[in-house]
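Read the structure below first, then the notes.
Throughout, residue positions are numbered sequentially from 1 according to the sequence presented.
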Amino acid sequence: MSVAEGTAARPRRTRKPALDAAAAAAVDLARTAAEEVADEGTVGEHLGAVAEGDRIVSHTFACLLPGYRGWRWTVTVTRASRARNVTVNEVCLLPGEDALRPPEWLPWSERITPGDVGPRDTLPRKADDPYLEQGYRATGETEADELALFELGLGRERVISALGRDEAARRWYEGDRGPASEVAEHAKAPCSTCGYFLLLAGSLRQVFGVCANEWSPEDGRVVSADHGCGAHSETDVEVEPEAPSAPLVDDLAVDELELVDPAADEAEGAVERAEPAPAP
């Protein structure tokens, strides 16, 4: 084996930079630089110095800002080769190992959850959605693909996959449209025996349908066959006659009465009887 081959086979060792004494001693310079950037009274005690490279040292100070637990004011100082003066290179606020940090940022398309889409919102298209699969097989020829799309009625490029169908069925069945909801537990009969239960097409018709009863709280919703509600078309309740309620007497109301003196009323009647009848 040649010397060149032996040298190439050996891994190169990375030399750890030595802590420059002059830069490490510039604690006051680093503190002054941090106080110029930070708010007054937010630069705490000196926590240490770390060599970042040849004649490059980072000093860290405790951060006293409210809400920044575990963060450090970091001031990097350096000096030129054979120079005695140390200068400030950078001042920044960096998190420590136990720092309080915000949650990892996610794009809007990944943060949105079911139910967040408003009337004027539009979701971005997922090119590799696992819940969808190709609706038709493209031939690569533009004219043939257009024929399949428009003349043969195959207008959907992608349709729901078996995984997407299973996930939708699980979500519906385990949610408030399945047999475990409160309204279904109090129902006297399942939706499968209701005249307003419209079966879905395809394999989902074995378990699900759409409620078409305007009196039902599930009207227009997909429900399972063993779901139910109080508006079932075939259930009935015994109608009991309503008992008449007791009369209500208002003791607080005031009725105005016109009081008449009986003696004055009798005298007025006597006067009317004594008057002579008009001449014919």
Side-chain angles (χ1 to χ4, degrees), residues 103 106-139 144-248:
L106 292 176
W108 173 80
S109 59
E110 298 180 17
R111 293 198 310 269
I112 194 169
T113 58
D116 292 344
V117 181
R120 300 184 179 182
D121 296 332
T122 302
L123 288 179
R125 183 180 185 275
K126 294 182 180 179
D128 53 350
D129 193 337
Y131 294 156
L132 296 176
E133 61 185 6
Q134 191 173 1
Y136 71 98
R137 185 170 298 278
T139 63
D145 291 341
E146 290 180 353
L147 177 65
L149 284 173
F150 300 107
E151 295 188 10
L152 300 183
L154 302 178
R156 294 188 295 169
E157 295 186 8
R158 296 186 296 177
V159 296
I160 191 169
S161 62
L163 176 61
R165 184 176 61 249
D166 294 343
E167 284 296 314
R170 179 193 59 79
R171 188 171 62 253
W172 295 344
Y173 197 81
E174 295 178 358
D176 59 351
R177 311 177 189 188
S181 63
E182 181 180 1
V183 64
E185 292 178 352
H186 290 82
K188 295 184 177 180
C191 292
S192 58
T193 60
C194 181
Y196 292 104
F197 184 66
L198 304 179
L199 293 174
L200 293 181
S203 60
L204 291 178
R205 68 182 288 116
Q206 302 176 13
V207 184
F208 297 102
V210 178
C211 177
N213 187 353
E214 63 177 333
W215 296 102
S216 172
E218 313 294 358
D219 183 32
R221 303 180 66 192
V222 176
V223 293
S224 64
D226 49 358
H227 187 69
C229 71
H232 194 283
S233 63
E234 307 307 323
T235 59
D236 199 1
V237 294
E238 183 179 353
V239 180
E240 299 180 357
E242 296 184 3
S245 60
L248 299 178

Q. Once you round to the nearest 0.5 Å, how far does OH of Tyr131 lie from CG of Leu163?
A. 5.5 Å

Q. Between Asp219 and Ser216, is any side-chain donor less than 3.5 angstrom from a side-chain acceptor?
A. no

**Q.** Test item: Thr193 and His232 side chains (from C-beta on) under 4.5 Å apart, heavy atoms
**A.** yes

Q.
Contact between Pro130 and Ser161 at the side-chain level, heavy atoms closer than 4.5 Å - yes or no?
A. no

(Q) Does any part of the side chain of Val210, heavy atoms only, come nearer than 4.5 Å to the side chain of Glu218, both counted from C-beta? (A) no

(Q) For Arg171 and Asp166: C-alpha separation, side-chain torsions, deciding distance, then whether salt bridge (Lys or Arg N to Asp or Glu O under 4.0 Å) applies. (A) CA-CA 9 Å; Arg171 188 171 62 253; Asp166 294 343; over 6 Å; no

Q | Heavy atoms from other residues, nucleotides or ligands near CD of Gln206 exceed 12 (cutoff 6.0 Å) | A | no

Q) Are any of the side-chain heavy atoms of Arg221 and Arg177 separated by less than 4.5 Å? A) yes

Q. What are the two closest non-hydrogen atoms of Ser224 and Gly178, and how far apart are they?
A. OG-CA, 3.4 Å

Q | Partner residues of Cys191 under the side chain to side chain contact (heavy atoms under 4.5 Å, CB included) criterion, sequence neighbours left out | A | Phe197, Val223, His227

Q. Just wondering, do Trp215 and Tyr196 contact through their side chains at under 4.5 Å, heavy atoms?
A. no

Q: Report the distance from atom CG of Leu200 to atom CZ of Arg205, rounding to the nearest 0.5 Å.
A: 8.5 Å

Q.
With rounding to the nearest 0.5 angstrom, report the CG to CD1 distance, Leu106 to Ile112.
A. 13.0 Å

Q) Quick one: CG on Asn213 to SG on Cys229, what's the gap to the nearest 0.5 Å? A) 6.5 Å

Q) How close do Pro179 and Ala184 get, heavy atom to heavy atom, and via which atoms? A) O-CB, 3.7 Å

